[in-house]
Structures are given as C-alpha cells and as structure tokens.
2 protein chains.
Amino acid sequence: MARSSDGNKKERIMDAAVVEIAHRGYHQTTVARIAKRAGVADGTIYLYFKNKEEILFSLFDRAMGRFIDEGRASLEKSSEAPEKLRRIIELHLTLVGEDRDQAIITQVELRHSLHFMDQLSRAQVGEYLSIIGQVVVQGQQKGEFRAELDPVFAAKAIFGVLDEMATDWILSRRNTRLESKAGAVFDFLWAGLKPSC
Amino acid sequence: MARSSDGNKKERIMDAAVVEIAHRGYHQTTVARIAKRAGVADGTIYLYFKNKEEILFSLFDRAMGRFIDEGRASLEKSSEAPEKLRRIIELHLTLVGEDRDQAIITQVELRHSLHFMDQLSRAQVGEYLSIIGQVVVQGQQKGEFRAELDPVFAAKAIFGVLDEMATDWILSRRNTRLESKAGAVFDFLWAGLKPSC
DNA sequence: TACCATACTGAATAGTCATTCATTATCCCC
DNA sequence: GGGGATAATGAATGACTATTCAGTATGGTA
C-alpha cells in the first residue's frame, strides 16, 4: 500500500486525532487509539509526526490557517469597517460552529498548558488579533469607530466575546447553530465601537 | 506532629499545588512534588484528597468562592447598575491580578478537558454569570441599560471580555497590573450597554 | 525477474507516577 | 505511664503508554 495512498495519510491521522481527542481529551487519548481510528499502525504515526504533542500542534495550524486565510479573503470583499466587523464575526462563528469536534480541540484541548498557549498566542493567534485590530484602525480613520479607543484593546475585547460565545456553545448541549449569535454579537460590539452621540 | 497542626495542612497542600501546577502544568506536576513543597509525605496527600484531580477541583472551589462571595458583597454597596458593573469589572480584574500563579490555575489549568469544564461551568461559573446577568436586568428595569439586549447574552459577553483580558495578562510577561485595564473595559462595555441616542 | 528504496507494521521496551498500606509517630485520657 | 485512637510516612506496587526498531510489504525500474 506504500507510496500510493501517501498523500492523505497525514490528513487521515489528523482527522482521527480530532475525533479521539475531542471525545476523550488529549491526555486520555493514546497514540494507539488515534492509529487505530486512522487505520494505520502505531509506528506509522511517527513517520508523520515527531511525537504526540506535534499532532496537537498540527491540528492547531490547520485550523488557525483557515481563520487567517478566510478572514483576510473575506475582508477584501467589503470596504466599510462596520461591514468588515460583521464579516469577521460571522466567519469566526461559522468556522467554529461547523465542526463540533474541531471546536472542542480549538476551544479546550489546545489550551492545555501555559507553555502550549504561549507558543500558540505568539504565532498565529497574534496574527488573527492583528487582523481584527486593522479593521478597528481603518474604522477609526474613516470616523466610523470611536477614535479614542485603543485598537489593540478593542481587538482583544472583540476576540473575547467571540471566544466566550464559542466556548459557551460547546458546553451547552443544545442543538443551536453558533452562527445564529452573529447578529447579537455584532449589535453589542458595534454599539461599543461606534462614535457616541 | 499529628492532630495539632492539622488545621492548615490541607491549605498548605493546596498552596503548594498552586505553585507547582502553575509552574509546570497539571500533567507535568507529580503528586510527589506537591507533597515535597508542602512538606508532607506523598501518602499524606491522600488523607486530604481522594486523588490528584480532586486537588485541582479544590483549587477551583476556593478561588471561585471568592469571586462569588466578594462579588455579591461588593454589589450590595452600590445601587446604580452602571456603578455595579464598574465594581464587578474592578473586582474581577483585581482578584485575578493579585496572584499570578493562582491566575494560571484559573485561566489555563482548570480548562483542561471538556469533562472538567463541564462540571465547572454547571456549578459556580454559572452562578457567577447569573450575578452579572442580574446587574444587567436591574439596569434595564431602571432604563440605564438598553432594554432590547438579552441579559444572558450580555452577561456572557461581559465575562468574555474580562476573561480575555485575564488570559492576555498572563501570557504577556510584562509587569503591568491587570486592574489598570478596568477603566478601558468599563468604557467599552458601558458603551455597548447604555441606551443608544 | 531481481533489486532497491521507501513505507509500513506492531510487539517489545523503558520509563513514569498515582496510589496503597504496613509501619511508625504523636496525642489524649485515664 | 500505658493504651487506644488518630495522623503521618515513604518505599513498593502495578498499571499505563509513548516511542523504537527489526522485520515485512510494496512499487517502481532496468
């Protein structure tokens, strides 16, 4: 079976890891279990990943890459800052909400340790925050958002609200769609951002 | 040494656990290490805690108890909802900010697994959110806050911003005081809550 | 067909640690 | 000052599992 079905084997392992880790948690998940679900031998995992932790990092990279890429792409389509804000909110909630297992990885399992979060936040989370921050800056320049607001602070506040909605959605077992919160989130944040009158 | 110094032995173990877990993370921290720092034998831990996980739960209880008790107490002092909101914000950031090790436990280590978070959120986090929610409801009744806002949603949004500030403070190594963000947080949230004009 | 390079396998290893419990120490009361 | 109760000790146990690697399979090539 070698050499032919290679292309997707790493992906298959990652997909299996998402399911297993989402269900049992990272530390209760054995490498053997991931291998079994992926349909490969235990040792095969180590042909694609240096160790167990690297699997988790890869899951993060794959997920965060989508947030950043699609975030950037979506912002190009609109020009008004409030509209961009709305798009960011919708995209964030849609991406988190479309796969519950992946969301558990992102919202819970990836936040295991300070050491781990540190690496995450320095890299791509920081980049994502800066995308949000740029929207705020642009809005301020055009007078659409309050000028006295620190854009770095605002980006964190926006992210905080989105993140809390995502975590809350995972913990509530009800069958709601996460995107359905987008309107309320936008209204709330927009009220906090627009120039007071 | 038996029977006499009992009173504080459990506390000593918990304090040791906070330091060890904050520094190395829950899973890298061995029970033996906690025992050593607390100045007790490994086995002694099990006279006070059923198992390792229960130590973590106790740390949560102790911390969350303060948030709820002091939160309630602080709210009794003021009557205007905006003022109550300001107090909640200040209290939250002050409590998190006064002990960095404990903050790491609360913001990072206690969120280890879905199973774990589930238990936490159903119990005391839910209670804390409802305290915030009550402030919102009161503000709406008096016309100080926008009436059309869902108070449950608003409570989560407020918590989300506070939580993000706390996590961000831990990850940034700079020597800032977390409470110094209280003003900015209040301004932002208040803008989002007050009736539009 | 024979050979090589590469991919894959899974049983064995090696290390780790939570937890137990037989033993020892301490305290209190009569 | 001794006996019973309670607390504390820490070495030993047992279970678990990430990782390795010697062996096997596969696919392409000449």
Side-chain angles (χ1 to χ4, degrees), chain A residues 1-61 105 109-110 112-116 119, chain B residues 1-61 105 109-110 112-116 119:
Chain A
M1 202 201 283
R3 206 178 292 192
S4 54
S5 64
D6 295 0
N8 60 338
K9 196 158 280 186
K10 186 168 185 177
E11 287 289 315
R12 253 171 50 212
I13 294 169
M14 287 170 74
D15 291 341
V18 168
V19 176
E20 288 294 330
I21 294 174
H23 288 156
R24 328 189 77 83
Y26 175 73
H27 286 283
Q28 313 312 319
T29 299
T30 63
V31 172
R33 259 197 122 83
I34 297 173
K36 191 172 181 191
R37 178 175 291 270
V40 300
D42 299 10
T44 305
I45 302 267
Y46 292 87
L47 299 176
Y48 295 94
F49 302 92
K50 199 167 87 246
N51 51 38
K52 186 183 171 190
E53 198 177 50
E54 224 201 57
I55 303 176
L56 204 49
F57 274 113
S58 305
L59 296 183
F60 170 74
D61 275 341
I105 306 290
E109 299 297 332
L110 279 170
H112 265 145
S113 70
L114 197 57
H115 162 72
F116 206 104
Q119 291 187 259
Chain B
M1 201 202 283
R3 205 176 292 193
S4 55
S5 63
D6 296 0
N8 60 339
K9 196 159 278 184
K10 186 168 185 176
E11 288 289 314
R12 256 174 45 216
I13 294 169
M14 287 169 74
D15 292 341
V18 168
V19 176
E20 288 294 331
I21 294 174
H23 288 154
R24 326 188 79 82
Y26 176 73
H27 287 283
Q28 314 311 319
T29 298
T30 63
V31 172
R33 259 197 123 83
I34 296 173
K36 191 172 180 191
R37 177 175 290 270
V40 300
D42 299 10
T44 306
I45 303 266
Y46 292 87
L47 300 175
Y48 296 94
F49 301 92
K50 198 168 87 243
N51 52 38
K52 187 183 171 189
E53 198 178 50
E54 224 203 55
I55 302 176
L56 205 49
F57 273 114
S58 305
L59 296 183
F60 170 74
D61 275 342
I105 306 290
E109 299 297 333
L110 280 170
H112 265 145
S113 69
L114 197 58
H115 162 73
F116 207 102
Q119 291 186 260

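Since the model is a prediction, treat every value here as computed from it, not as a measurement.
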Can you tell me the distance, in whole Å, between the CD atom of A:Glu54 and the C1' atom of D:dA18? 14 Å
Sort and list the pairs that fulfil salt bridge (charged side-chain N to carboxylate O under 4.0 Å, His left out) and have at least one residue in residues 19-32 of chain B, not counting sequence neighbours. B:Glu20-B:Arg33, B:Glu20-B:Arg37
Who passes salt bridge (charged side-chain N to carboxylate O under 4.0 Å, His left out) against B:Asp15, sequence neighbours left out? B:Arg62
Would you indicate which nucleotide in D:dT9, C:dC8, D:dA7 comes nearest to any side-chain atom of B:Tyr48? D:dA7
Please give, in whole Å, the distance from C:dT16 P to B:Arg33 CZ? 13 Å
Once you round it to whole Å, what is the distance between C1' of D:dA5 and CG of B:Leu47? 14 Å
With the side chain counted from C-beta on, respond yes when A:Leu56 and A:Lys52 share a heavy-atom pair under 4.5 Å apart, and no when they do not. no
In this structure, is the centre-to-centre distance between the rings of B:Phe116 and B:Phe57 below 6.0 Å? yes
Integer-rounded Å distance: D:dA8 P and B:Ile34 CD1: 17 Å
Can you tell me the distance, in whole Å, between the CZ atom of A:Arg24 and the C1' atom of D:dT17? 14 Å
Could you check how far CD1 of A:Ile45 sits from P of D:dC21, rounded to whole Å? 18 Å
Under the side-chain contact (heavy atoms from CB on, under 4.5 Å) test against A:Ile55, which residue among A:Ile45, A:Thr29, A:Val18 passes? A:Ile45
Before giving the answer on side-chain contact (heavy atoms from CB on, under 4.5 Å), spell out for B:His112 and B:His27 the whole-Å C-alpha distance, their side-chain angles and the decisive distance to 0.1 Å. CA-CA 10 Å; B:His112 265 145; B:His27 287 283; 4.0 Å; yes
I'd like to compare against my own output: the B/S/- annotation of nucleotides 17-22 of chain C with a strict under-4.0 Å heavy-atom distance to protein. SSBB--
I need the NZ-P distance between A:Lys9 and C:dT6, as an integer number of Å. 17 Å
